[in-house]
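The structure appears right after this line, and notes come after that.
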Amino acid sequence: MAGSNQPLNPNDSKMVVPLNMWVLISNFKLAYNLLRRPDGTFNRDLAEFLDRKVPANANPVDGVFSFDVIVDRETNLLTRIYRPVEGDENHVNIVDLEKPVTAEVLPVLVFFHGGSFAHSSANSAIYDTLCRRLVGICNAVVVSVNYRRAPENRYPCAYEDGWKALKWVSTRTWLQSKKDNKVHIYMVGDSSGGNIVHHVALKALDSEIQVLGNILLNPLFGGEERTESEKRLDGRYFVRVKDRDWYWRAFLPEGEDRDHHACNPFGPKGRSLEGVTFPKSLVVVAGLDLVQDWQLGYAKGLEKAGQNVKLLFLEQATIGFYLLPNNEHFSLVMDEIKQFVNFDCS
Amino acid sequence: MEIEIDSVSSPSKVKEIDGLLADVGYKVKSSELHQVAQNIERLENVIVNSSSSDISQFASDTIHYDPSDIGNWVDNLLSEFDHTNSLPYDFSQLSDLAQDQHQHHHHHHQNHQLKVVTTVEEDSAIKLIHMLMTCADSLQRGNIQLAGSLIEGMQGLLTNMNTNSGIGKVAGYFIDALNRRIFGQNNIIHIENDVLYHHYYEACPYLKFAHFTANQAILEAFNGHDCVHVIDFNLMHGLQWPALIQALALRPGGPPFLRLTGIGPPSHDDRDNLREIGLRLAELARSVNVRFAFRGVAAWRLEDVKPWMLQVSSKEAVAVNSIMQLHRLLGSEPDPNNPSAIETVLGWIRSLNPKIMTVVEQEANHNEDGFMDRFTEALHYYSTVFDSLEACPVEPDKAMAEIYLQREICNVVCCEGPARVERHEPLIKWRERLGKTGFRPLHLGSNAFKQASMLLTLFSAEGYCVEENQGSLTLGWHSRPLIAASAWQAVPETLRFDH
């Protein structure tokens with residue numbers, strides 16, 4: 001057998017997730033294997049062909065409708081906006097798309113999808129479905145950012161796109177809550193999206209824009225060191241360390257290692273957050289995610305810097321648990337998120 | 001196909017697409033999730049064993065079908081991959097005398113396991129099994145009339161069922177056997193047993209597993225010996241021995257002098273089958289520079305063989321190899337004055353002081369006195385074997401293998417007394433029996449297990465599994481072991497028979 005490859009043991013992962021979830025995540029893993037080339041390039045055409053995409057739908061489905069908006073013409077930066085229908089509407093006109101919100105307080109979730117910086121889009125079915133669920137659960141508007149991806153667009157493109165989208169959202173008068181005529185912004189992201197949330201929040205520090213909270217689901221962080229969790233869980237629950245390495249090599253600037261601050265924000269090249277007004281954070285860590293030591297380290301880093309952080313550690317959860325609702329971790333996390341964004345008293 | 005058939009849920013449920021996967025853009029039927037998962041695992045294994053550049057190239061070159069139909073997408077990748085890659089296993093030590101790589105057909109055939117059984121068919125199947133049991137029961141009670149009418153009824157049922165696979169096929173053979181038991185033989189198929197055996201060898205992995213495992217053990221037992229003697233209790237076409245000869249040829253330090261004594265039935269007409277096989281094996285041995293001598297011992301029954309016929313020398317390391325032969329000795333009439341056939345034979349085996357005795361037997365209990373018990377056991381066992389044969393697409397191997405099995409079934413069901421030679425007993429009973437007659441088990445080792453599993457992946461369809469059972473190995477279909485391979489050594493004793 002090929003020497004350096006980890007022997008696969010599907011039995012581990014099969015025992016901890018429902019079968020349809022196992023099929024879903026394994027299917028991704030398989031497809032992604034076909035897309036990464038050893039020379040660091042990415043088979044983008046095949047990736048787009050394999051990705052299940054859904055169009056926006058201004059007709060409400062289960063009380064949610066969506067539409068796409070170009071936020072920056074220069075870079076073709078798109079966002080998909082999900083809104084709850086108000087009252088008994090079952091039909092939305094074009095004028096209704098950007099109709100001002102009527103709620104006293106309406107959270108606006110700026111959402112960054114995952115995919116290790118290389119995969120997926122705002123219109124990927126898995127993320128479209130997740131965003132729709134968030135609308136219902138949080139009674140919020142969700143703005144999903146279609147940021148530029150690696151390896152074609154390395155650091156800092158994704159962060160810049162996120163920052164542009166954040167600025168755009170903050171200046172939409174139709175998204176302002178009635179109570180204070182301000183947009184109540186939270187940022188949510190999973191995997192690479194979680195990483196983007198942190199870095200966009202950093203950018204916002206030196207501005208007028210107030211982010212009320214960060215929600216990071218299995219965020220992607222890393223470093224040069226091989227942590228205990230990486231060694232222990234390598235290859236056992238859908239992910240291998242060498243895959244993670246590939247994605248960092250694809251995202252980080254050429255020649256940089258994983259201690260770059262994008263990857264390792266509290267590492268040797270990181271920025272201190274002491275004395276800074278950073279948004280409160282909800283960090284969700286899956287106990288079977290091999291990068292958990294980095295994620296736990298992130299939460300600790302926030303804590304040490306005196307920031308408000310809540311850590312949710314789900315012992316038996318794997319990556320992608322939030323993509324399907326048929327597991328206890330999903331409901332738990334959604335409840336926490338709901339509370340987190342509705343705690344808003346300001 | 002299971003004997004216990006659960007009531008099937010309504011047809012609409014069977015067609016149901018998994019709703020949650022549909023929400024995220026994928027079409028997979030709930031009932032197919034397991035199969036799809038299995039195929040994903042297979043594809044993962046294939047990918048893990050390939051280089052990354054191969055995978056990328058393959059991904060670009062191959063045609064991708066609708067990605068939302070995961071099952072189909074994975075299936076197509078699997079078959080595409082199979083055509084572009086050869087399996088990276090070194091089987092120079094396994095190359096066989098006559099057979100070549102047409103066995104690859106076994107590896108990735110269109111194996112859509114989903115059998116859509118209509119409700120009507122299911123009802124018939126349940127009825128059929130019920131009638132089979134009742135028929136066997138009435139036979140045991142001596143109610144021939146009832147048994148006969150049940151047979152007629154079953155034959156009628158069969159006309160409305162699919163008899164090419166599944167329960168219809170197996171039931172057919174058992175109904176036939178019951179018929180013969182009551183009314184005697186009608187049409188006898190005149191094909192030589194050794195020919196059928198050869199096709200059975202080709203059609204499914206049981207015999208290959210047996211040979212392979214036994215050879216591994218024999219090879220290890222022969223380590224360090226320059227004169228070795230293998231005694232094969234049932235030579236047939238000598239299919240087991242080319243691999244051993246080749247392995248001995250490649251032995252570090254050089255091959256030993258190999259003697260092979262093949263036991264088999266006397267030939268009809270003017271031929272001498274034993275000698276012919278011996279000559280072929282001698283040819284092979286010569287071609288790989290192994291000094292070789294062959295001797296054929298013709299005997300109708302194993303209990304007719306006397307140890308002096310084997311001409312074992314004290315300087316040789318002896319291996320006794322019994323592939324599905326020992327159970328044939330269990331049918332002799334019990335005689336308090338004389339030792340039974342099995343005791344006699346095991347006795348002289350011990351007297352040869354073999355380095356190893358390799359025993360392969362069907363893992364089944366077909367030696368119960370009660371007809372009903374035997375019948376039920378056999379029905380379960382052969383259903384499983386026939387199930388596994390479904391995975392073999394190669395003809396005429398499959399058809400011949402079925403005839404081979406049919407003969408076994410007939411013997412188990414129709415015959416009594418010395419005529420019933422297919423007296424299979426499970427490993428647990430052989431352990432007891434061999435332990436009592438002065439043999440102790442030799443562990444086959446984890447290496448044998450791994451190699452057997454690897455052999456399986458090479459030559460067989462999904463569903464076969466190798467298991468370890470206290471140092472012995474079994475090969476089965478899904479969770480049912482069907483054949484068991486074990487190795488033994490004689491416990492030294494102070495008394496020895498002269499031979």
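Every chain is numbered from 1 and lettered A, B, ... according to where its sequence line falls, protein lines coming before strand lines.
The heavy-atom pair separating B:Ser56 from A:Pro38 by the smallest distance is OG-CD, 3.4 Å. The two residues A:Phe49 and B:Tyr65 have their closest heavy-atom pair at CE2-O, 4.1 Å.
If you measure heavy-atom distances from A:Leu50 to chain B, the contacts under 4.5 Å come from both the backbone and the side chain. Of the atoms belonging to A:Tyr127, not a single heavy atom falls under 4.5 Å from chain B. In this structure, no portion of A:Leu130 lies under 4.5 Å from any heavy atom of chain B. With a 4.5 Å cut-off on non-hydrogen atoms, B:Asp23 touches chain A through its backbone and its side chain both. Residue A:Arg132: no heavy atom, backbone or side chain, is found under 4.5 Å from chain B. Using a 4.5 Å cut-off between heavy atoms, A:Asn43 contacts chain B through its side chain alone, with no backbone atom that close. With a 4.5 Å cut-off on non-hydrogen atoms, A:Ile126 touches chain B through its backbone and its side chain both.
Remark: B:Asp66 CG to A:Arg52 CZ distance equals 6.0 Å, nearest 0.5 Å. To the nearest 0.5 angstrom, A:Leu30 atom CG is 6.5 Å from B:Ile40 atom CD1. Here CG of B:Leu20 is found 11.5 Å from CG of A:Leu323. Values are rounded to the nearest 0.5 Å.
A 4.5 Å side-chain heavy-atom check between B:Val24 and A:Leu24 finds at least one atom pair inside the cut-off. Counting heavy atoms from C-beta outward, B:Ser60 and A:Leu46 have side chains that stay 4.5 Å or more apart.
Dense packing is recorded around CD of A:Glu48, with more than 12 heavy atoms of other residues, nucleotides or ligands lying under 6.0 Å away.
Ranked by heavy-atom pairs shorter than 4.5 Å toward chain B, the options A:Thr129, A:Asn20, A:Leu34, A:Leu19 are led by A:Asn20.
Only one option out of B:Val36, B:Asn39, B:Val74 pairs with A:Val23 in a side-chain contact (heavy atoms from CB on, under 4.5 Å); it is B:Val36.
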